Amino acid sequence: GNSVTQMEGPVTLSEEAFLTINCTYTATGYPSLFWYVQYPGEGLQLLLKATKADDKGSNKGFEATYRKETTSFHLEKGSVQVSDSAVYFCALLMFSGGYNKLIFGAGTRLAVHP
Amino acid sequence: NAGVMQNPRHLVRRRGQEARLRCSPMKGHSHVYWYRQLPEEGLKFMVYLQKENIIDESGMPKERFSAEFPKEGPSILRIQQVVRGDSAAYFCASSPKIDSYEQYFGPGTRLTVT
């Protein structure tokens with residue numbers, strides 16, 4: 001079946017540190033891949049996406065590259081800020097049963113300290 | 001253009017009571033998805049609805065849970081005879097068409113069963 005596996009958190013970093021959050025997926029076919037961010041007490045916001053192999057999604061300094069050969073979509077940021085503290089969800093989108101279905105990973109909590 | 005609205009934001013129910021969660025999609029969106037997030041877990045798909053139709057309810061528990069999206073008014077997720085295990089955050093998302101890449105999420109309803 002289709003699934004998403006993320007590295008477990010929490011991830012604790014100091015401000016300006018480099019961030020990597022690993023995400024791998026299992027899917028039949030060719031999914032689109034997404035990173036969503038959830039700030040405390042809020043819903044999910046789309047952070048970035050990639051719709052085909054070798055695409056790079058980027059937004060607000062975050063990047064992720066769709067690697068078909070390793071079935072991965074790792075999230076990176078060169079210099080994190082305290083305001084990046086949130087839960088990050090990797091997700092895949094598959095066209096299944098006549099519509100697009102989102103499947104989420106378990107989420108990785110990031111805490112950035114000054 | 002207002003985003004996806006959910007109410008109430010917080011709901012406390014005693015065991016055995018009913019919970020009604022409401023979701024108003026973005027203007028012009030006729031597709032609604034409900035997800036449940038258990039503590040420290042990712043979002044799990046529950047049900048996908050279009051106006052007046054349930055398209056996919058494969059993620060809904062077979063008993064006590066029901067959902068509707070009437071021609072007029074918000075989508076409703078109804079949980080009868082709630083139990084402690086129903087305590088979770090319930091998110092809805094909307095999209096404008098069946099093959100949309102992006103789903104827009106509401107802020108969620110946090111249900112606590114005492």
Side-chain angles (χ1 to χ4, degrees), chain A residues 1-11 21 23-25 29-52 55 57 59 66 75 86-111, chain B residues 2-10 21 23-26 29-51 53-60 69 88-110 112:
Chain A
N2 301 316
S3 65
V4 176
T5 303
Q6 288 182 237
M7 65 186 286
E8 285 191 27
V11 174
I21 300 178
C23 170
T24 57
Y25 67 90
Y30 304 97
S32 296
L33 300 173
F34 300 80
W35 278 100
Y36 282 84
V37 58
Q38 184 181 30
Y39 297 103
E42 297 184 13
L44 273 68
Q45 300 174 26
L46 178 64
L47 182 60
L48 55 84
K49 68 182 180 190
T51 58
K52 61 183 188 298
D55 269 2
N59 185 24
Y66 188 164
L75 182 68
V87 181
Y88 292 82
F89 292 94
C90 185
L92 67 83
L93 186 78
M94 288 292 298
F95 194 78
S96 172
Y99 72 97
N100 278 328
K101 181 179 278 190
L102 266 176
I103 297 169
F104 288 90
T108 302
R109 184 176 300 276
L110 171 66
Chain B
V4 178
M5 314 273 284
Q6 287 188 251
N7 68 81
R9 294 291 306 273
H10 300 274
L21 289 62
C23 169
S24 296
M26 288 182 71
H29 288 195
S30 58
H31 302 260
V32 167
Y33 312 78
W34 285 93
Y35 296 85
R36 177 164 65 175
Q37 183 181 29
L38 295 171
E40 303 302 319
E41 293 188 16
L43 277 73
K44 303 290 188 201
F45 168 80
M46 298 182 74
V47 62
Y48 163 45
L49 309 105
Q50 296 176 19
K51 286 279 188 182
N53 285 305
I54 297 174
I55 307 302
D56 181 355
E57 57 182 348
S58 60
M60 288 266 276
F69 188 15
Y90 292 83
F91 291 95
C92 86
S94 72
S95 67
K97 50 184 181 172
I98 195 168
D99 58 353
S100 293
Y101 279 111
E102 189 165 350
Q103 296 179 14
Y104 297 82
F105 282 81
T109 294
R110 279 155 181 80
T112 302

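Order of the sequence lines fixes the chain letters, A, B, ..., with proteins taken first and strands second; residue numbering starts at 1 for each chain. Only heavy atoms go into these numbers, but all of them, side chains included; no hydrogens, no water, no symmetry mates. None of the values given here were measured: they were computed from a predicted structure.
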Heavy-atom cut-off 4.5 Å, strictly under: side chain, backbone, both or neither for [X] against chain A?
X       : answer
B:Tyr33 : side chain
B:Gln6  : neither
B:Ser95 : neither

Q) B:Phe105 and ring pair (Phe, Tyr, Trp, His ring centres under 6.0 Å): which partner among A:Phe89, A:Tyr36, A:Phe34? A) A:Tyr36
Q. Would B:Gln103 and B:Tyr35 satisfy side-chain hydrogen bond (donor to acceptor under 3.5 Å, both in side chains), going step by step from the backbone distance to the final call?
A. CA-CA 12 Å; B:Gln103 296 179 14; B:Tyr35 296 85; 2.7 Å; yes
Between [X] and chain B, which part of the residue has a heavy atom less than 4.5 Å away: side chain, backbone, both or neither?
X       : answer
A:Tyr99 : both
A:Leu93 : side chain
A:Gln6  : neither

Q. Within the distance-only criterion (no hydrogens, no angle test), does the side chain of A:Tyr66 pair as donor or acceptor with the backbone N or O of A:Pro31 below 3.5 angstrom?
A. yes
Q: Could you please spell out the steps behind the side-chain contact (heavy atoms from CB on, under 4.5 Å) verdict for A:Asn59 and A:Trp35?
A: CA-CA 10 Å; A:Asn59 185 24; A:Trp35 278 100; over 6 Å; no
Q.
Surrounding CE of B:Met5 (heavy atoms of other residues, nucleotides or ligands, distance under 6.0 Å), is the total greater than 12?
A. no
